[in-house]
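Numbering starts at 1 and runs along the sequence shown.
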Amino acid sequence: MPEMSTLWSSIEELFKQNSSSTAYATWIESAKPISLEGNKLTLELPSPLHRDYWTHQHLDQQLVEYAYEATQQDIQPVLILEDERQPQVSRANADQADATETTPTFMKETALNPRYTFDTFVIGKGNQMAHAAALVVSEEPGVMYNPLFFYGGVGLGKTHLMHAIGNKMLEDHPDTKIKYVTSEAFTNDFINAIRTRTQEEFRQEYRNVDLLLVDDIQFFANKEGTQEEFFHTFNTLYDDGKQIVLTSDRLPNEIPKLQDRLVSRFAWGLSVDITPPDLETRIAILRNKADADDIEIPDDTLSYIAGQIDSNVRELEGALARVQAYHQLMHQPITTDLAAEALKGLNLANASDAITIPVIQDRVADYFHVSLKDLKGKKRKKTIVIPRQIAMYLSRELTDASLPRIGNEFGGKDHTTVIHAYDKIAASLKTDTELQKDIADLKEELRR
Ligand SMILES: Nc1ncnc2c1ncn2[C@@H]1O[C@H](COP(=O)(O)OP(=O)(O)OP(=O)(O)O)[C@@H](O)[C@H]1O
């Protein structure tokens, strides 16, 4: 057996060569080798978040490979936390036990989707922080980030992460009481409770849980009575140290007519943006899905599909299902040509035809005879400011991009600038006929 420090240095070196410097600094440098007994290398990690990251990102399995590469020996990591006496056997060792487990009963009895777990969630740049925060919350609910608020465009995994928190808490503590609802279901339950005079039962149901998950709270907009009730639900749970997780397509202060006291409460915890996955992440998501569904598909075909849909994971999964169905129908192996044929049939907005922020910027700049540089710049001249605001307005109207992302595409402006632009144009549109015509012309041009 090699000496522990020599072994660890070689492993570290291999991690360094194969990771980004941030990843290396965050996850590897923070690990401390404690002992090497037999083939068990015990590593101490600084927090539960780190250990989760190690196992969910399979760093432990990577370590086994690197150790083998360096020493030709089978080294197995044991991951422990600073304050933990009982070491946790890493996932690399635990895999076998996991594989034989059947779906626990709790998963069948809750409204949670058992498929939406941390294991099935692919981490990429756009969701890394949301994923890490979700893990922390599932490990230590009600402590660090309460409420935890996910926001971002359609089909980007907000619901998935929310369910993953619930599924993990149930896995760790099967008695956990969890309530998952959409904001519309909460509203309907509340209205029904008033109608049938069962408000007390309603309160019992919502205020006696350990974890409350409310999806798509942008639909609380303009609903005064529901907001009032939710305010009290929130306070009770929060005061009892129970975890609350919320999702929305935008930040709380951008939800129309959401009471200030709710906006400020939602800001007590952590708000995390989820942005669309980059190409690599999209390919990884498709690969996972194809493997899970036993679909045989070459890498270049997956890359092709991932190249066609760039903003919505739900559509990405739909495209794969479409290709699979086409393959079964045609009795032909899945190839890139077959995929192209299948997606053509779907009449999907081809990524190159889709309305994107750069396309909008191009057309608006042309239409008003301003340069792209000015459109994205900071000049305050009216002849530039109005086209800029119109381009922001159209980006909000015609794409799924979140406000922060739109701000980013306009030279790194703050999302509040985008809100201001949107509101300004929306208000002017009510009376300004010239503007109405400009917007209608531009929309028509963009959709052509
Ligand atoms: N990073 C990811 N890894 C694996 N699957 C993902 C990922 N992101 C999204 N998905 C999948 O994409 C689909 C849509 O995700 P989800 O419903 O969570 O989106 P959402 O952000 O809640 O959308 P909406 O705003 O429409 O409610 C789900 O099937 C989910 O499992």
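Other residues, nucleotides and ligands contribute at most 12 non-hydrogen atoms within 6.0 Å of the CG atom of Asp260. Within a 6.0 Å sphere centred on CD of Glu445, other residues, nucleotides and ligands contribute more than 12 heavy atoms. Atom CD of Gln328 is surrounded by more than 12 heavy atoms from other residues, nucleotides or ligands within 6.0 Å.
You'll find the side chain of Glu341 stays beyond 4.5 Å of the side chain of Met330, heavy atoms only. Put simply, the side chain of Phe15 reaches to within 4.5 Å of the side chain of Leu63, judged on heavy atoms. No side-chain heavy atom of Glu317 sits less than 4.5 Å from a side-chain heavy atom of Leu320. At a threshold of 4.5 Å between non-hydrogen side-chain atoms, the residues Asn146 and Pro141 do not count as touching. Contact annotation: the side chain of Ile406 approaches that of Ile357 to within less than 4.5 Å [non-hydrogen atoms, C-beta and beyond]. Taking the side chain as every heavy atom from C-beta outward, Val272 and Tyr151 never approach each other to under 4.5 Å.
Side-chain polar atoms of Thr182 and Asp215 form no donor-acceptor pair below 3.5 angstrom. With 3.5 Å as the limit, one finds no donor-acceptor pair spanning the side chains of Thr117 and Asp119. In summary, the side chains of Asp278 and Thr281 do present a donor paired with an acceptor at a separation below 3.5 Å, with no hydrogens or angles considered.
Electrostatic pairing of Asp249 and Lys158 does not count as a salt bridge here, judged by no charged N lying under 4.0 Å from a carboxylate O. A salt bridge does not link Arg51 to Glu139: none of the charged side-chain nitrogens sits closer than 4.0 Å to a carboxylate oxygen. Between Lys168 and Glu171 no salt bridge is recorded (no basic side-chain N to carboxylate O distance below 4.0 Å).
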Evaluate side-chain contact (heavy atoms from CB on, under 4.5 Å) for Ile384 paired with Leu375, printing each intermediate quantity in order. CA-CA 6 Å; Ile384 296 171; Leu375 196 79; 5.8 Å; no
Gln76 and Asp60: side-chain contact (heavy atoms from CB on, under 4.5 Å), yes or no, with the steps? CA-CA 8 Å; Gln76 290 291 335; Asp60 48 0; over 6 Å; no
Working for side-chain contact (heavy atoms from CB on, under 4.5 Å), residues Leu41 and Met4: CA-CA 8 Å; Leu41 173 65; Met4 181 178 77; 4.0 Å; yes
Chi angles and distances behind the side-chain contact (heavy atoms from CB on, under 4.5 Å) call for Val245, Phe149: CA-CA 6 Å; Val245 183; Phe149 192 100; over 6 Å; no
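Between His131 and Phe121, the angle of the ring planes stays under 30°, which puts this pair in the parallel group of the 30/60° scheme. By the 30° and 60° cut-offs, the orientation of the rings of Trp268 relative to Tyr238 is tilted.
Applying the ring-ring contact (aromatic ring centres under 6.0 Å, His included) test to Tyr422 and every residue at least two apart in sequence or in another chain returns Tyr393. Contacts of Trp8 classified as ring-ring contact (aromatic ring centres under 6.0 Å, His included), with partners at least two apart in sequence or in another chain: none.
The side-chain tip of Arg261 points at the ring of Phe231 from less than 6.0 angstrom away and within 45° of straight on.
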